[in-house]
> 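What follows is a single structure, and I will ask about it in a moment.
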Amino acid sequence: MDIIPLPFQVKPSPGEFRLTAETVILTDLPNRWNADYLQSLLAAPTGLPLPVRLSDQSGTNFIRLHLDSGLESLGPEGYRLTVSPQSVTLAAPAAAGVFYAIQSLRQLLPVEVEERLPVSGVDWHIGCLEITDRPRFAWRGFMLDEGRHFQGRETVLQTLDLMALQKLNVFHWHLTEDQGWRIEIRKYPRLTQVGSHRLGTRKGFTNGKHDGVPHGGFYTQAEIREIVAYAAERHITIVPEIEMPGHAVAALAAYPELSCTGGPFQVATHFGIFPDIFCAGKEAVFSFLEDVLDEVLELFPSPYIHIGGDEAPKKRWKDCPDCQRRIREVGLKDAHALQVYFTNRIAAYLDSKGRHAIGWNEILEEGLARGAVVQFWARGRKKLVKAIRSDARPTVMSYCFYTYLDYAYKLIPLRRIYRYEPVPNGLNAQAAASILGVESPLWTEWVPTRARLDYQAYPRLTALAETGWTPKDRKDLRDFHRRLPEFLSRLDRLGVHHATLEEAEPLRILK
Ligand code: ACM
Ligand code: ZN
């Protein structure tokens, strides 16, 4: 009954609370969603009725969901969970905190609570305590690359449920890639008609032929609306990523006139960094991207929209008359400055719609628009620290050698990701406030199935979740190892094909 991520403060007290046939769920929240969610979580495994009632009624044995403005100092996601022999109170200043209190309550109950059918012979008890809890970071993210391998609705919904269990709150959805365009855009049907299918997938680490097995798939706008709503109920913001100017071969296969050369192109079957990217000289490219973003903004209420920006080779731009004309006309130094121009134009467009651009750290060059958020993944740490110090550059930390879930466990064992410290050395407290939080990406070149996805992500994402939530001085690897087996046994019941602790710590320095 140990909680992951470890709460801010836990005070045990004597006695136990028992779920019984008399237990009722009381709520004073403006809508019943949290109460109904809790009811469905607990009623299935316990077989108990657990009726939901409005809070002014009472009982001798109840779980109470309570909005309490007196707890505002805990912040918008904080909560207090109090267990006494007669009652459990989940109190928070806002609904998000109540939701997180439910996730903690879940982990205070025996692991069988994760079963979806009644389990007999379980004593549904919770030891008395008081938990006061709040997250360290506002951005606690997981990124799923669906460009390389399309996973589909079921996997995404389950991902959101697992994120909620771990109090993660940003699902960064990487929807466009060289190998596939995965989001329906009504104005440009060829993006999915052409761009969502490829003829095959590279085999092994050779440059030889692809496997000849077609791969494809995309999300309709109706599916996206359903997924965004499902996430919102779980207090998860979906940050969609539309890659530009690089990693765009699937889009160029559909609309080759948006490239520098005019193509033709095929949706990529191999992986890597491709020279053909969106042209930065042609106005049609900006109209296209603004049209695409208009539909994206309609679907995703997120304040942040990810525009990629990584791994964009400048070769085509150097050879393209349109790009060169742009460089001359705007008075830019070179093709690198052209990417800053490109990013700033898109960032300004998003700004005009009340949103913020976020991009991989390659966008961080001299002249980058002030509000643009940087997601740090590789190289240029000094440049980043300087930008944080001098411009309070908002930043999300995803340093690849600590947080990338596609890397093998030999390279990034569990303890390595657990020990990742998102605030770079040398920042004072005020500068450190520019670190919005931490995120683990899962790139899926070698992740064709849900089972593989689970294996790469769990339990490393669980370690990242604790870094995102738990105060730095409360984190302890040994204690995390001690708490983990029970959490893994919850994941087993949720059908997650996680790596075992032995697989996740192949170097075995502990015990
Ligand atoms: C990245 O891994 N190319 C952001
Ligand atoms: Zn060009």
Side-chain angles (χ1 to χ4, degrees), residues 141-148 172-179 239-249 251-252 255-263 265 268 271-289 306-330 332 334-339 341-343 345 357-364 372-381 384 395-407 411-412 438-447 456:
F142 169 60
M143 188 210 85
L144 181 62
D145 161 22
E146 292 217 67
R148 275 57 178 264
H172 170 180
W173 205 3
H174 187 82
L175 286 166
T176 71
E177 256 306 334
D178 299 312
Q179 295 80 12
V239 175
E241 181 175 352
I242 307 296
E243 270 265 18
M244 62 187 83
H247 288 292
V249 171
L252 298 181
Y255 297 99
E257 64 273 22
L258 303 175
S259 69
C260 289
T261 65
F265 309 101
F271 304 120
I273 299 175
F274 296 93
D276 290 292
I277 66 177
F278 286 118
C279 176
K282 298 179 177 75
E283 276 306 294
V285 168
F286 291 95
S287 328
F288 165 84
L289 290 171
H306 209 298
I307 58 169
D310 59 318
E311 299 177 331
K314 304 299 179 297
K315 174 149 182 38
R316 294 290 185 262
W317 287 3
K318 284 177 184 158
D319 297 339
C320 169
D322 294 321
C323 287
Q324 288 306 312
R325 181 166 27 81
R326 176 85 72 197
I327 287 175
R328 276 196 313 278
E329 285 180 4
V330 183
L332 299 167
D334 56 16
H336 289 279
L338 186 54
Q339 186 170 345
Y341 167 87
F342 189 112
T343 307
R345 250 185 98 161
I358 171 169
W360 300 105
N361 58 254
E362 284 94 324
I363 69 168
L364 182 60
V373 181
V374 166
Q375 182 166 17
F376 180 77
W377 72 280
R379 293 181 293 273
R381 241 176 96 93
L384 179 75
T395 303
V396 173
M397 296 300 289
S398 300
Y399 187 33
C400 63
F401 295 122
Y402 288 83
T403 69
Y404 271 30
L405 300 170
D406 50 315
Y407 289 14
L411 216 60
I412 304 186
V438 63
E439 181 179 304
S440 257
L442 178 55
W443 301 100
T444 60
E445 285 94 333
W446 313 106
V447 182
Q456 294 299 122

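Ligands are counted one by one from 1 in listed order, and the atoms in each one are counted from 1 as well. Scope of the values below: all heavy atoms of this structure, side chains included, with no hydrogens, waters or symmetry mates. These numbers were taken from a predicted model, which means no experiment stands behind them.
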> What are the atoms of ligand 1, with element, lying closer than 4.0 Å to any heavy atom of E311?
3 (N)
> Are R345 and E283 within salt-bridge range, i.e. N to O under 4.0 Å?
yes
> Looking only at atom types and distance, does a side-chain atom of Q456 sit under 3.5 Å from a main-chain N or O of L405, one as donor and one as acceptor?
yes
> Under 4.0 Å from a heavy atom of W443: give me the atoms of ligand 1 that qualify, with their elements.
1 (C), 2 (O), 4 (C)
> Taking side-chain contact (heavy atoms from CB on, under 4.5 Å) as the criterion, tell me which of I307, V374, D310 meets it with W360.
D310
> On the 0 to 90° scale, with breaks at 30° and 60°, tag the H172-H306 ring pair as parallel, tilted or perpendicular.
parallel
> How close does the nearest protein non-hydrogen atom get to atom 2 (O) of ligand 1, and which residue and atom is it?
Y404 OH, 2.7 Å
> For the Zn ion (ligand 2), check which protein N, O or S atoms are under 2.8 Å away and list them.
C260 SG, C279 SG, C320 SG, C323 SG
> Check the orientation of Y255 and F288. Use parallel for under 30°, tilted for 30 to 60°, and perpendicular for over 60°.
tilted
> Return yes if some donor-acceptor pair links the side-chain N/O of Q375 with the main-chain N/O of N361 below 3.5 Å, else return no.
no
> So, using side chain to side chain contact (heavy atoms under 4.5 Å, CB included) as the criterion, who are the partners of V285 when residues are at least two apart?
L258, F278, C279, K282, L289, F342
> Just wondering, are more than 12 heavy atoms of other shown residues or ligands nearer than 6.0 Å to CZ in R381?
no
> Identify the protein heavy atom lying closest to atom 3 (N) of ligand 1, giving its residue, its atom name and the separation to 0.1 Å.
D310 OD2, 2.6 Å
